[in-house]
Amino acid sequence: MPLARELVALRTDVETGVELESLPGVRPDHERLVELLRRFGFSTWLKQYQEEGADSQGSDAGELEVETVTTRSQLDALVEAVWAADLVAFDTETTSLEPLDAELVGLAFAIECGKAWYIPLCHVDQNTEFDRDEVVESLRPWLEDPARAKLGQNLKYDLNVLERAGIRLAGVVHDTMLASYVFHSTATRHDMGSLAVRYLGRQTTSYEQVAGKGRVQLRFDQIPVADAAEYAGEDAEVTLALHRHLWPKIQADGRLQAVYEELEIPLIPVLARMERIGVALDCERLAVQSREIEGQLSELQARAHEEAGREFNLGSPMQLQAILFEELKLPVVRKTPKGQPSTAEDVLQELAADYELPRTILKHRSLAKLKSTYTDRLPEKVHQRTGRVHTHYHQAVTATGRLSSTDPNLQNIPIRTTEGRRIRKAFVAPAGAVLLAADYSQIELRIMAHLSDDERLLEAFAAGEDIHRATAAEVFDCALDAVSSEQRRAAKAINFGLMYGMSGWGLARQLEIDRKSADAYIQRYFERYPGVQTYMESIRKTAREQGYVETLFGRRLRTDEIRSRNPARRQAAERAAINAPMQGTAADIIKRAMIAVDGWIQAENAPARLVMQVHDELVLEVKEGALASVREAVETCMRDAAELKVPLLVEAGSGPDWDSAH
DNA sequence: TAAGTCACG
DNA sequence: ACGTACGTGACTTAT
């Protein structure tokens with residue numbers, strides 16, 4: 001059969017013949033289809049196909065009736081209806097995607113499919129019997145009642161918008177974005193439009209279709225009520241339809257249901273609070289550092305131009321590549337994926353041994369990075385009203401269950417260099433408070449010990465040994481106190497490498513040793529820790545056989561490419577599969593800890609607030625007088641977040657700034 | 001918008 | 001023979 005024909009046939013077959021719960025990775029036809037899509041460059045199709053897990057049964061949208069609430073009697077009827085309902089989908093319409101700046105413009109509700117309500121609150125063309133406050137007060141008892149169940153799409157946003165409007169939303173029991181994420185974390189998007197297409201086969205109206213785009217885009221309050229009602233009503237109704245589609249899939253697996261109900265949903269108000277509170281920044285300090293870096297950068301630039309023999313843009317890898325490898329004829333150490341000679345850090349590091357220019361470039365690069373991403377940019381992110389920095393934590397982005405942080409990203413603030421650490425000094429506690437930073441020590445290795453059940457590894461953690469030193473003693477066959485710092489460094493690289501599914505080649509590169517020695521280290525490691533080797537093999541097998549791997553708590557990560565005939569893709573999928581249970585379990589554990597810490601703070605009304613999460617670390621702002629008790633409680637919450645076969649060790653420190661708290 | 005680079009766990 | 005350590009987000013340059 002010609003390839004194009006085969007492609008069409010396969011796609012038709014896959015679309016019509018696949019059961020909802022089946023996983024693409026285990027279907028023999030799936031892989032062929034993916035390969036063909038890729039070969040023909042159908043990237044959009046390919047992405048959509050891989051995401052949907054071949055789960056679309058066509059559209060059955062039916063008619064949607066949206067009632068615009070403009071009279072008091074309509075409002076009364078709606079209030080009565082929401083009180084009577086078991087579960088209500090609702091959605092807020094606002095003037096901004098940034099909840100801190102968003103003003104409430106309207107509210108949409110759906111109780112049954114096919115019908116929705118929209119209450120305009122402050123549209124320009126609004127003509128209602130009531131004003132905004134009247135609506136808020138009539139709905140407040142229901143919105144704030146934890147016993148009245150609410151459903152939404154990304155309710156963290158609505159929670160913060162309503163908080164700003166003086167409403168403390170309670171009773172959040174379902175979120176379709178999180179349901180989709182728990183069901184399929186490796187799908188790239190979990191926004192409502194994508195979910196509607198993927199799961200309902202419904203194409204929803206986009207914001208741009210209603211409001212226009214670019215310079216002429218309308219704010220939501222400028223959109224005519226009639227148009228706004230259709231758009232908002234659809235959002236609420238689609239959310240309800242999505243819930244009815246996704247919830248049974250999650251309920252079908254008790255552990256998945258627990259991840260959703262006990263981790264993700266309870267985390268929503270915790271994250272909402274953290275974002276709302278933000279963190280204090282010492283902008284003056286950053287400004288001083290920026291000026292210092294500025295001076296150093298111009299010096300380095302002048303020096304680089306001199307060493308290169310001409311002027312060029314140090315920020316351009318292309319120009320640098322021309323200078324280093326064409327004009328100065330330095331040896332090409334490595335190439336980028338596109339075949340260009342790489343100028344990445346480790347490459348320049350290697351060249352720096354023999355040449356001046358790479359050294360200068362490296363210094364320049366790292367300082368330029370610090371300045372443009374941190375010392376210059378962070379102060380711009382201080383919110384004018386609160387005077388603090390408010391990141392956004394994303395709960396449905398990573399494949400493994402971790403959070404991510406954007407705008408600004410507070411999960412990649414420098415720490416590894418002295419100059420970088422100065423930036424942490426600018427994250428401060430306000431007067432009368434200190435920052436408390438508490439992190440899990442070696443949590444992923446502890447999880448590896450737990451999951452692999454390796455006797456020797458469990459013993460080492462039980463004995464409270466320095467794990468890298470213990471590994472070195474095993475691999476290099478010497479006493480603990482005879483381990484050299486070089487040996488410990490190698491052991492540390494082995495430990496990390498293992499969790500990433502590293503090969504002998506990779507370890508050799510990392511440690512700058514020959515391939516043979518690296519292979520010998522790994523072999524030696526597996527002789528000493530046979531449980532770990534068995535575990536790695538069992539993960540590969542599990543991934544291959546069931547098409548997904550799980551965390552300790554049952555979060556699933558699909559491994560669609562594990563059976564690919566392309567060895568590179570297959571191996572990449574294997575490495576991801578090996579890492580996911582460890583990274584993912586750590587993510588589950590800290591989420592449990594966050595819920596516990598926040599619960600304790602709220603219950604005790606403790607003078608402390610969670611302000612940041614950095615994967616294995618929690619940062620709190622604590623009133624000075626309460627430091628000892630808060631520290632104790634936080635450590636306990638974190639330690640007790642999971643019961644593993646090894647102890648969970650928490651290291652906590654405090655100080656006037658984030659650097660001092662470490 | 002993609003590619004390269006680099007900040008973090 | 002294949003390519004070579006997991007997971008993120010932001011910035012800069014070049015197209």
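Chain A is the first sequence line, chain B the second, and so forth, proteins listed ahead of strands; every chain is numbered from 1.
Within the 4.0 angstrom heavy-atom criterion, only backbone atoms of the sugar-phosphate kind lie near A/Met318; the bases stay farther away.
Atom pair A/Arg575:CZ and C/dC2:C1' shows a separation of 11 Å (rounding to whole Å applied). The interatomic distance linking A/Glu419 (CD) with B/dC8 (P) rounds to 13 Å, in whole Å.
Applying the 4.0 Å criterion to OP1 and OP2 of B/dT5, one finds that A/Ser342 has a side-chain N or O inside that range. Contact check, A/Ser503 against C/dA5: a side-chain N or O comes under 4.0 Å of OP1 or OP2. Between A/Arg570 and C/dC2 there is no side-chain polar atom (N or O) within less than 4.0 angstrom of OP1 or OP2. Residue A/Thr400 places no side-chain N or O under 4.0 Å from the OP1 or OP2 atom of C/dG7. For C/dA14, one of the phosphate oxygens OP1 or OP2 lies less than 4.0 angstrom from a side-chain nitrogen or oxygen of A/Ser316. Residue A/Thr406 has no polar side-chain atom (N or O) positioned under 4.0 Å from OP1 or OP2 of C/dG9. OP1 or OP2 of B/dC6 has at least one side-chain nitrogen or oxygen of A/Arg365 nearer than 4.0 Å. Listed pair A/Gln583 / C/dT8 fails the phosphate criterion, with no side-chain N or O lying under 4.0 Å from OP1 or OP2. Distances shown here put every side-chain N or O of A/Asn409 at or beyond 4.0 Å from the OP1 or OP2 atom of B/dA7.
Nucleotides B/dC6 and C/dA1 place their P atoms 33 Å apart, quoted to the nearest Å. Using P as the reference atom, C/dG3 and B/dG4 are 16 Å apart when rounded to the nearest Å. Taking atom P in both B/dA3 and C/dT4, the straight-line distance is 16 Å, to the nearest Å.
With hydrogens and angles disregarded, a donor-acceptor distance shorter than 3.5 Å links the side chain of A/Asp175 to the backbone of A/Asn154. Here the side chain of A/His394 pairs no donor or acceptor atom with the backbone of A/Leu403 at under 3.5 angstrom. No donor-acceptor pair under 3.5 Å is formed between the side chain of A/Thr559 and the backbone N or O of A/Ile562.
Between the side chain of A/Arg416 and the base of B/dG9 there is at least one donor-acceptor pair of N/O atoms closer than 3.5 Å. With hydrogens and angles left out, the side chain of A/Gln510 and the base of C/dA5 share a donor-acceptor pair within 3.5 Å.
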